[in-house]
Peer 1: 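Submitted below is the structure of interest, expressed as C-alpha cells.
Only a predicted model underlies this, so the values are computations on that prediction, with no experimental measurement involved.
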Amino acid sequence: MNAERRAIAAEVFSSGRDYDAGQSNRLDRLRNVEPETAELLGVLVRATRSRRVLEIGTSNGHSTLWLADAVQSIGGRVETLDIDPRRTQLAIANLERAGLDGVVDCRTVGAARALADHSDAAWDLIFLDAERHEYAGYWANLRRTMAAGAVMVADNAISHGHELSDFQRLVGSDPRLTATLIPVGAGLIIAVDGP
C-alpha cells in the first residue's frame, strides 16, 4: 500500500477508535481491526493471489481499504457486507478517497442472506469480522462458497475466543481445512482449503 493510502487507512482507524470511545453500546461501535491485522489481510490476498474476496463486516471500511488495495494489485474484486447502511456509506466514502471504489462492491445486507445467494466456489478468500456467534450458522454456505484452495480468516479468535468455540469446532472437524491461530491484533483463525 502506498503512503497516501496508508495515511487514509490510519486516519480511518484513528477516527473509528475515537468514535468508539464515545459509544457505550458495543453494537454502535465501528470496531475496526487493528492496523497490523489489516496489513496482514493485504499480505494474505497478495500471497495467495486471491482475486475474489468476500468481507463480512464492513464497518467504516478500514480493513476493506487493505483488502481492496491488495486485490487491485492483482486484478481482483472485493464484496463487503454490512447490515448498517450508515456504515456502508462511510466505507464507500473512505474507499472513494483512496481511489479504490472501482474494485469494491459495498452491500448493505445480512451475511446469511448474501451467502445463500452466492454461487458455489465463489470466493478465494473470506474474511469474517461481524457477529461472531453467527459464524457457525453460516458454515454450510461458507464452505460451499469457498473455492478450492481458498482461505478463510476470522478475527477476534483470542479476544473473544469463547464466542467462536462452535465455529472453531467446525473448522477443526473439516478434513479439507488446515487451520492455525495467529496472535496478531485480537487473534486470527486462518484456515486453508486443500487436500
Side-chain angles (χ1 to χ4, degrees), residues 13 16-17 19-38 40-41 44 50 53-64 66-67 78-91 105-118 120 122-147 150-193:
F13 176 76
R17 186 182 53 209
Y19 176 83
D20 286 357
Q23 304 303 311
S24 58
N25 183 340
R26 179 187 72 82
L27 295 177
D28 291 335
R29 296 179 192 140
L30 295 171
R31 298 173 283 160
N32 293 148
V33 299
E34 294 77 7
E36 61 271 20
T37 300
L40 178 58
L41 291 170
L44 283 171
S50 294
V53 174
L54 176 66
E55 177 183 43
I56 298 175
T58 311
S59 187
N60 62 353
H62 176 247
S63 51
T64 319
W66 288 90
L67 293 167
V78 175
E79 180 176 305
T80 185
L81 314 174
D82 204 291
I83 59 170
D84 184 339
R86 179 185 58 90
R87 290 182 184 153
T88 301
Q89 290 307 310
L90 283 171
D105 297 317
C106 292
R107 298 181 60 202
T108 304
V109 63
R113 181 174 152 211
L115 283 164
D117 291 341
H118 289 138
D120 292 357
W123 306 110
D124 301 317
L125 186 142
I126 299 173
F127 175 49
L128 298 157
D129 189 27
E131 292 304 302
R132 297 167 289 273
H133 64 276
E134 296 181 13
Y135 298 171
Y138 304 158
W139 186 252
N141 282 321
L142 284 171
R143 286 302 283 132
R144 181 184 60 75
T145 61
M146 284 178 74
V151 178
M152 186 184 315
V153 182
D155 192 34
N156 301 110
I158 294 173
S159 66
H160 295 80
H162 62 286
E163 295 178 20
L164 288 166
S165 57
D166 291 340
F167 175 76
Q168 286 182 298
R169 274 193 289 280
L170 290 165
V171 170
S173 66
D174 189 314
R176 287 194 48 87
L177 292 179
T178 301
T180 191
L181 175 65
I182 306 291
V184 170
L188 295 173
I189 297 168
I190 300 180
V192 180
D193 175 81

Peer 1: State the CZ-CG distance between Phe127 and Leu67, to the nearest 0.5 angstrom.
Peer 2: 7.0 Å
Peer 1: Is there a side-chain contact between Asp166 and Arg169 in this structure, where contact means two heavy atoms from C-beta onward sitting under 4.5 Å apart?
Peer 2: yes
Peer 1: Mind checking the CG-CG spacing from Leu188 to Asp155? Nearest 0.5 Å is all I need.
Peer 2: 5.5 Å
Peer 1: With rounding to the nearest 0.5 angstrom, report the CD1 to CG distance, Ile56 to Leu142.
Peer 2: 5.5 Å
Peer 1: Would you check if the side chain of Tyr135 reaches a backbone N or O of Ala130 as a donor-acceptor pair within less than 3.5 Å?
Peer 2: yes
Peer 1: Of all heavy-atom pairs between Ala91 and Ser59, which one has the smallest distance, and what is that distance?
Peer 2: CB-O, 3.8 Å
Peer 1: Rounded at 0.5 Å granularity, tell me how far CG in Asp193 sits from CG in Leu177.
Peer 2: 6.0 Å
Peer 1: Where do Ile83 and Gly110 come nearest, in terms of heavy atoms and distance?
Peer 2: CG2-CA, 3.6 Å
Peer 1: Apply side chain to side chain contact (heavy atoms under 4.5 Å, CB included) to the pair Arg87 and Thr58, showing each step before the final yes or no.
Peer 2: CA-CA 7 Å; Arg87 290 182 184 153; Thr58 311; 5.9 Å; no
Peer 1: Starting at OG1 of Thr37, measure out to CZ of Phe13 and round the result to the nearest 0.5 Å.
Peer 2: 9.0 Å
Peer 1: Angle class for the Phe167/Trp139 ring planes (parallel below 30°, perpendicular above 60°, tilted otherwise)?
Peer 2: perpendicular
Peer 1: How about CZ on Arg176, more than 12 heavy atoms from neighbouring residues, nucleotides or ligands closer than 6.0 Å, or not?
Peer 2: yes
Peer 1: Counting C-beta onward and ignoring hydrogens, is there a side-chain heavy-atom pair between Asn141 and His118 closer than 4.5 Å?
Peer 2: no
Peer 1: If you count heavy atoms of other groups shown closer than 6.0 angstrom to CD1 of Ile190, is the number above 12?
Peer 2: yes
Peer 1: Mind listing the closest non-hydrogen atom pair of Thr108 and Pro85 along with its distance?
Peer 2: CG2-N, 3.7 Å
Peer 1: List the atom pairs, donor and acceptor, that lie under 3.5 Å between side-chain atoms in residues 156-164 and the rest of the protein, sequence neighbours left out.
Peer 2:
from: Asn156; atom 1: OD1; to: Arg132; atom 2: NH1; distance (Å): 3.3
from: Asn156; atom 1: ND2; to: Ser159; atom 2: OG; distance (Å): 3.1
from: Glu163; atom 1: OE1; to: Arg132; atom 2: NE; distance (Å): 2.8
from: Glu163; atom 1: OE1; to: Arg132; atom 2: NH2; distance (Å): 3.2

Peer 1: Please report the closest heavy-atom contact between Tyr19 and Gln23, naming both atoms and the distance.
Peer 2: O-CG, 3.3 Å
Peer 1: Looking only at non-hydrogen atoms, find the nearest pair between Leu115 and Arg144 and report the distance.
Peer 2: O-NH2, 2.8 Å
Peer 1: How close do Ala114 and Arg107 get, heavy atom to heavy atom, and via which atoms?
Peer 2: CB-NH1, 3.9 Å
Peer 1: Would you compute the distance between atom CG of Leu54 and atom CE of Met152 and round it to the nearest 0.5 angstrom?
Peer 2: 10.0 Å
Peer 1: With a 4.0 Å cut-off on N to O distance, would you call Arg31 and Glu131 a salt bridge?
Peer 2: yes
Peer 1: Under the side chain to side chain donor-acceptor pair (under 3.5 Å) test against Asn60, which residue among Asn32, Asp82, Thr88 passes?
Peer 2: Asn32
